[in-house]
A.B. asks: 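Before anything else, here's the structure in question.
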Amino acid sequence: MQASRARLFKEYKEVQREKVADPDIQLVCDDSNIFKWTALIKGPSETPFEGGVFQLAFAVPEQYPLQPPQVRFLTKIFHPNVHFKTGEICLDILKNAWSPAWTLQSVCRAIIALMAHPEPDSPLNCDSGNLLRSGDLRGYYSMARMYTKLAAMPKKG
């Protein structure tokens, strides 16, 4: 557990330095528990998520970095690789392709890349995956855009 704490403190210091360097990711450690983090990520441009800000919750295991963190969306998102109700993310690096070389910051970058390049063949959200697999890009885009506007964009007025 001491090694994971040391690693997380190191990542915390790097995040403080990188705040300006990576404006698309805002990673914050819980004040009372270094194993709990949240992130705000910006939806990638030229996707239905553009203009949205999505909140992620990280639960970091005591075996980190030998084991991956558990990450889920707190913000509702219509995406084939994200469970609509729980926010669970289907991403290989969070499962069997994890490496201790990954950091919480690089996990956020991988999630942003997944948002831009969905994998409809391994869906957690079947409705979203089916739209993409059947070639209904307009249907997928409009649903994803609607949920981005409802859940991930500041309300006007």
Side-chain angles (χ1 to χ4, degrees), residues 8 11-12 14-61 64 67-98 102-157:
L8 287 167
E11 288 192 39
Y12 177 77
E14 284 174 19
V15 163
Q16 299 309 311
R17 275 198 308 270
E18 280 189 29
K19 272 187 178 164
V20 180
D22 200 339
D24 294 340
I25 300 169
Q26 185 183 346
L27 202 51
V28 180
C29 177
D30 184 292
D31 288 339
S32 60
N33 184 349
I34 190 125
F35 295 100
K36 297 240 177 283
W37 294 64
T38 55
L40 293 175
I41 59 173
K42 290 185 181 170
S45 59
E46 298 179 30
T47 72
F49 312 110
E50 183 174 9
V53 176
F54 298 84
Q55 187 174 17
L56 303 171
F58 285 76
V60 182
Y64 181 81
Q67 286 185 358
Q70 287 184 311
V71 188
R72 64 187 182 93
F73 275 88
L74 295 178
T75 307
K76 286 274 182 238
I77 182 172
F78 187 78
H79 187 284
N81 309 114
V82 180
H83 192 285
F84 190 74
K85 285 192 168 69
T86 65
E88 177 192 349
I89 303 166
C90 180
L91 183 60
D92 59 353
I93 63 149
L94 295 175
K95 308 270 189 281
N96 56 353
W98 175 256
W102 287 91
T103 64
L104 301 182
Q105 184 93 0
S106 60
V107 167
C108 287
R109 285 192 202 103
I111 291 169
I112 292 170
L114 181 68
M115 290 169 76
H117 305 285
E119 297 285 343
D121 291 329
S122 63
L124 282 174
N125 178 332
C126 291
D127 293 337
S128 176
N130 288 340
L131 285 171
L132 284 173
R133 280 200 306 258
S134 70
D136 188 356
L137 297 180
R138 177 189 262 168
Y140 165 75
Y141 193 95
S142 64
M143 288 292 290
R145 189 75 196 142
M146 179 187 77
Y147 278 104
T148 298
K149 285 181 175 172
L150 288 172
M153 293 179 142
K155 310 287 180 264
K156 293 189 172 91

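Keep in mind it's a predicted model, so treat the numbers as computed, not measured.
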A.B. asks: Side-chain donor-acceptor pairs under 3.5 Å in residues 118-127, sequence neighbours left out?
C.D. replies:
from	atom 1	to	atom 2	distance (Å)
N125	OD1	D127	N	3.2
N125	OD1	S128	N	3.0

A.B. asks: Would you mind reporting whether P69 and W98 have side-chain heavy atoms less than 4.5 Å apart?
C.D. replies: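 Side chain of W98 against side chain of P69, heavy atoms only: contact under 4.5 Å found.
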
A.B. asks: Look at the side chain of Q105 and the backbone N and O of L27, then say whether any donor-acceptor pair between them is shorter than 3.5 Å.
C.D. replies: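 Side chain of Q105 to backbone of L27, a donor-acceptor pair under 3.5 Å: no, none is there.
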
A.B. asks: Applying side chain to side chain contact (heavy atoms under 4.5 Å, CB included) to L131 and R138, what does each step give before you reach the verdict?
C.D. replies: CA-CA 9 Å; L131 285 171; R138 177 189 262 168; over 6 Å; no

A.B. asks: Between F84 and Y147, is the ring centroid distance below 6.0 Å?
C.D. replies: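 Yes, the ring centres sit under 6.0 Å apart.
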
A.B. asks: Taking atom OG1 of T75 and atom CG of L40, what is their separation to the nearest 0.5 Å?
C.D. replies: 7.5 Å

A.B. asks: With a cut-off of 6.0 Å (strictly less than), are more than 12 heavy atoms of other residues, nucleotides or ligands near NZ of K95?
C.D. replies: yes

A.B. asks: Thinking salt bridges, do D22 and R109 make one under a 4.0 Å N-O criterion?
C.D. replies: yes

A.B. asks: Is any side-chain heavy atom of L74 less than 4.5 Å from a side-chain heavy atom of L56?
C.D. replies: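 No, too far: nothing below the 4.5 Å cut-off.
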
A.B. asks: Nearest 0.5 Å, please: how far is OG in S142 from CG in L137?
C.D. replies: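 It is 10.5 Å, given to the nearest 0.5 Å.
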
A.B. asks: Which pairs with one or both residues in residues 27-49 pass side-chain hydrogen bond (donor to acceptor under 3.5 Å, both in side chains), sequence neighbours excluded?
C.D. replies: D30-S32

A.B. asks: What is the distance from atom CD of E11 to atom CD1 of I34, rounded to the nearest 0.5 Å?
C.D. replies: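 Separation between the atoms: 9.0 Å.
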
A.B. asks: Can you tell me if Y141 has over 12 outside heavy atoms packed within less than 6.0 Å of its OH?
C.D. replies: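 Buried by this count: over 12 neighbours within 6.0 Å.
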
A.B. asks: Is there a side-chain contact between I77 and M115, using heavy atoms and a 4.5 Å cut-off?
C.D. replies: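 Yes, close enough: below the 4.5 Å cut-off.
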
A.B. asks: Measuring only between side-chain heavy atoms, which start at C-beta, is I41 closer than 4.5 Å to D24?
C.D. replies: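 With C-beta onward as the side chain, the pair stays apart.
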
A.B. asks: Are the side chains of V82 and C90 in contact, using a 4.5 Å heavy-atom criterion?
C.D. replies: no

A.B. asks: For the CD atom on E50, are there more than 12 heavy atoms of other groups (residues, nucleotides or ligands in this structure) within a distance under 6.0 Å?
C.D. replies: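 Yes, CD of E50 has more than 12 neighbouring heavy atoms, counting only those of other groups under 6.0 Å.
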
A.B. asks: Without swapping roles, check the side chain of S106 against the backbone of W102 for a donor-acceptor pair under 3.5 Å.
C.D. replies: no

A.B. asks: Among residues at least two apart in sequence or on other chains, which ones pass side chain to side chain donor-acceptor pair (under 3.5 Å) with Y140?
C.D. replies: none

A.B. asks: Return yes if some donor-acceptor pair links the side-chain N/O of T148 with the main-chain N/O of G52 below 3.5 Å, else return no.
C.D. replies: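 Checking the backbone N and O of G52 against the side chain of T148, no donor-acceptor pair under 3.5 Å is found.
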
A.B. asks: Do L91 and N81 touch side chain to side chain, with heavy atoms closer than 4.5 Å?
C.D. replies: no

A.B. asks: Could you tell me whether the side chain of F49 reaches within less than 4.5 Å of the side chain of I112, counting heavy atoms only?
C.D. replies: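 The answer is no, as the side chains (C-beta and beyond) never meet within the 4.5 Å cut-off.
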
A.B. asks: Counting C-beta onward and ignoring hydrogens, is there a side-chain heavy-atom pair between R72 and F58 closer than 4.5 Å?
C.D. replies: no

A.B. asks: If I take atom CZ from residue F78 and atom CE from residue M146, how far apart are they, to the nearest 0.5 angstrom?
C.D. replies: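 Spacing of CZ (F78) from CE (M146) equals 8.0 Å.
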
